[in-house]
Structures are given as C-alpha cells and as structure tokens.
Amino acid sequence: MPRQVDHESRRRLIAEAVCRLADERGLEGVTLRDVAARAQVSMGAVQRCFRTKEEMLVFALGHIGQRIGERVQARLVRSPAQSAGTALGHAATEVSLLREEHRAEARVWLAFVAQAAVSEVLATTLKANYAALQEAFTRLISEADESADRAAPLDPQREARALLALADGLTTHVLVGHLTPQEAHDVLHAHLAGLWEQPDRQQ
C-alpha cells in the first residue's frame with residue numbers, strides 16, 4: 001500500500017510539472033525530459049508512471065478537471081444553507097476561471113482544449129469533465145427552478161449546456177483581453193439573473 005500511495009503522489013507531482021510547462025510554453029513545449037527536470041525526478045521515474053507522453057497529458061488534463069471540480073464542490077459544501085440559485089452562481093464562477101489566481105490554470109485548460117481538437121484521447125477526457133460539470137449545473141438549475149415563481153418551467157439540461165458554454169467562452173475572452181475579469185463576471189451574473197427574472201419566457 002505505501003508504494004501505491006507514493007506512485008499516485010508522484011503521478012500528481014508530474015502532472016503539476018506538465019501544467020507549469022504548458023503554462024509557459026504551451027503543450028508543444030512539454031517533453032518527458034523537461035517534465036522530469038521540472039518535477040525533479042528522473043526520466044525513468046516519469047516513464048514508470050506514464051508509458052507515453054499522451055498518457056501523461058491525459059492524466060494531467062484529468063488532474064486539472066478534478067481540481068476545478070473539487071473547488072466547485074468545496075463552494076457548495078462551505079454554504080450548505082445557500083439557495084440552489086446562489087450555489088449555481090458560485091459553481092459557474094469557479095468553472096469560468098475568472099479570478100487572477102486561476103489565470104495560469106485557465107491558460108493550461110485552453111491549451112488542452114486546443115490540443116483535444118486533434119487528439120481523440122484528450123477529447124474523451126475533456127468530454128467527461130464537461131459532462132460532470134453539466135450534470136452538476138443541471139441539478140442546481142432544476143432545484144432552483146422548483147422554487148421559482150414562473151409560468152413555464154425551464155429546461156434544466158438545455159440551460160446547463162448554455163451556462164457551461166458561456167462560462168467556458170468567458171475564460172477565453174478574458175485570456176485574450178477582449179473582456180476584463182469584471183466585465184466577464186458581469187456578463188455571467190446577468191445571464192444567471194435572467195434565468196430567474198423571466199417567469200413567462202417561452203422555451
């Protein structure tokens with residue numbers, strides 16, 4: 001058991017090194033040799049953890065997705081008495097990676113998204129991450145809509161897809177400088193407010 005725990009710890013250490021290098025150079029600048037140097041482990045240690053660079057990148061992408069998911073969950077657990085609508089706002093804010101402390105993570109996430117367009121295995125991992133986030137959004141929208149005073153109910157799954165796409169798009173717009181973080185935050189929360197302020201909206 002101790003050897004297994006050490007193995008997983010080393011895999012996470014290597015994943016963090018991948019992320020730091022991807023932030024600096026993009027994924028094209030990530031090599032097994034440079035990852036080993038950044039993680040301060042031997043090439044052999046990297047190769048014992050990952051048979052190929054692709055396998056290493058898949059794990060690193062899953063590591064980022066897990067980290068974002070854990071932050072979303074932490075926000076929900078921190079205030080269990082909050083309304084579902086408020087919880088949705090917190091979750092969407094975490095996913096959009098708008099805060100300054102998450103800027104490097106946003107750059108790495110988008111580097112993986114770009115690479116996933118030409119890598120089926122990365123795309124599979126990315127779709128699983130998105131599916132988990134969409135499921136969480138769907139649940140929160142459904143719960144919030146049950147307590148809302150509206151003539152026609154929302155379609156939780158459709159709204160979750162739209163919200164996830166919006167949050168993801170805002171990440172890009174902030175990174176390239178089209179929007180400031182505050183402008184993106186305002187766009188996101190105006191959209192969220194619109195979900196609950198239009199009881200007569202038709203589907």
Side-chain angles (χ1 to χ4, degrees), residues 12 15-16 18-27 30 57 60-117 122-123 125-145 154 156-198:
R12 289 191 295 271
E16 288 293 340
V18 170
C19 292
R20 290 195 298 274
L21 287 169
D23 180 35
E24 296 168 10
R25 314 174 186 176
L27 287 182
V30 175
L57 293 180
L61 175 56
H63 178 69
I64 298 171
Q66 181 181 14
R67 197 162 59 193
I68 296 171
E70 286 173 352
R71 284 205 306 269
V72 170
Q73 189 61 32
R75 289 293 296 268
L76 301 183
V77 171
R78 198 176 306 147
S79 304
Q82 66 190 339
S83 70
T86 299
L88 179 66
H90 289 326
T93 299
E94 290 293 345
V95 170
S96 59
L97 302 173
L98 299 180
R99 290 199 290 272
E100 181 62 36
E101 62 265 32
H102 297 151
R103 199 59 46 78
E105 192 172 64
R107 287 192 293 267
V108 175
W109 179 261
L110 288 184
F112 273 105
V113 170
Q115 188 65 26
L122 284 177
T125 302
L126 193 61
K127 286 187 287 187
N129 288 336
Y130 280 138
L133 290 171
Q134 183 178 308
E135 182 179 354
F137 282 4
T138 300
R139 176 176 56 80
L140 289 170
I141 291 171
S142 181
E143 290 176 10
D145 195 40
L154 293 172
Q157 190 171 65
R158 185 188 66 189
E159 297 297 347
R161 285 196 295 265
L163 179 58
L164 182 57
L166 175 62
D168 215 38
L170 289 175
T171 306
T172 303
H173 284 236
V174 169
L175 280 182
V176 302
H178 176 65
L179 295 175
T180 66
Q182 185 58 54
E183 287 170 338
H185 184 275
D186 291 346
V187 168
L188 178 62
H189 286 274
H191 176 82
L192 288 165
L195 292 178
W196 321 125
E197 293 175 357
Q198 301 180 47

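Please read all numbers here as calculations on a predicted model, not as lab measurements. FYI, the numbering just counts along the sequence from 1.
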**Message:** Between Ser96 (side chain only) and Thr171 (backbone N and O only), is there a donor and an acceptor less than 3.5 Å apart?
**Reply:** no
**Request:** Please report the shortest heavy-atom distance between Ala91 and Val72, naming the atom on each side.
**Result:** CB-CG1, 3.7 Å
**Message:** To the nearest 0.5 Å, what is the distance between CD on Glu105 and CD1 on Ile68?
**Reply:** 4.5 Å
**Message:** Do Asn129 and Leu61 make a side-chain contact, defined as non-hydrogen atoms from C-beta onward lying under 4.5 Å apart?
**Reply:** yes
**Shortest non-hydrogen separation from Ala87 to Leu140 and the atoms involved** = CB-CD2, 4.0 Å
**Request:** To the nearest 0.5 angstrom, please state how far the CG atom of Leu164 sits from the CG atom of Leu133.
**Result:** 6.0 Å
**Asked** What do the steps show when you test Glu70 against Arg67 for salt bridge (charged side-chain N to carboxylate O under 4.0 Å, His left out), and what is the final call?
**Response** CA-CA 5 Å; Glu70 286 173 352; Arg67 197 162 59 193; over 6 Å; no
**Fill in**
Rounded to the nearest 0.5 Å, the NE2 atom of His191 sits from the CG atom of Asp186 at a distance of 14.5 Å
**Message:** Whether the side chain of Ser142 engages the backbone of Thr138 through a donor-acceptor N/O pair (distance < 3.5 Å, no angle test) should be reported.
**Reply:** no
**Approximate separation, where rounding is to 0.5 Å, of Leu188 CG and Leu179 CG** = 11.5 Å
**Message:** Please find the pair of heavy atoms, one from Leu57 and one from Leu27, that lie closest to each other, and give the distance.
**Reply:** CD2-CD2, 4.0 Å
**Prompt:** Any side-chain heavy atom of Glu183 sitting closer than 4.5 Å to one from His178?
**Reply:** no
**Message:** Could you check whether any side-chain heavy atom of Val113 comes within less than 4.5 Å of a side-chain heavy atom of Leu126, counting everything from C-beta outward?
**Reply:** yes
**Asked** Which pair of heavy atoms, one from Ala60 and one from Val18, lies closest together, and at what distance?
**Response** CB-CG1, 3.8 Å
**Asked** Do Thr125 and Phe112 come within less than 4.5 Å of each other through their side chains, counting heavy atoms only?
**Response** no
**Complete:** Distance col, row Gln134:CD vs Ile141:CD1, nearest 0.5 angstrom, shows 9.0 Å
**Asked** With no hydrogens and no angle check, do the side chains of Thr93 and His189 hold a donor and an acceptor under 3.5 Å apart?
**Response** yes
**Asked** Would you say the side chain of Leu163 lies within less than 4.5 Å of the side chain of Val95, judging by non-hydrogen atoms?
**Response** no
**Item:** Carboxylate-amine/guanidinium proximity below 4.0 Å for Glu143 and Arg139
**Value:** yes
**Asked** Are side-chain heavy atoms of Leu98 and His102 found at a separation under 4.5 Å?
**Response** no
**Asked** Just wondering, do Arg12 and Gln66 contact through their side chains at under 4.5 Å, heavy atoms?
**Response** no
**Item:** Side-chain touch Arg107/Leu175, heavy atoms, less than 4.5 angstrom
**Value:** yes
**Shortest non-hydrogen contact between Ala123 and Ala116, atoms and distance** = CB-O, 3.5 Å
**Request:** Of all the heavy-atom pairs spanning Val30 and Ala22, show the shortest one and how long it is.
**Result:** CG2-N, 3.9 Å
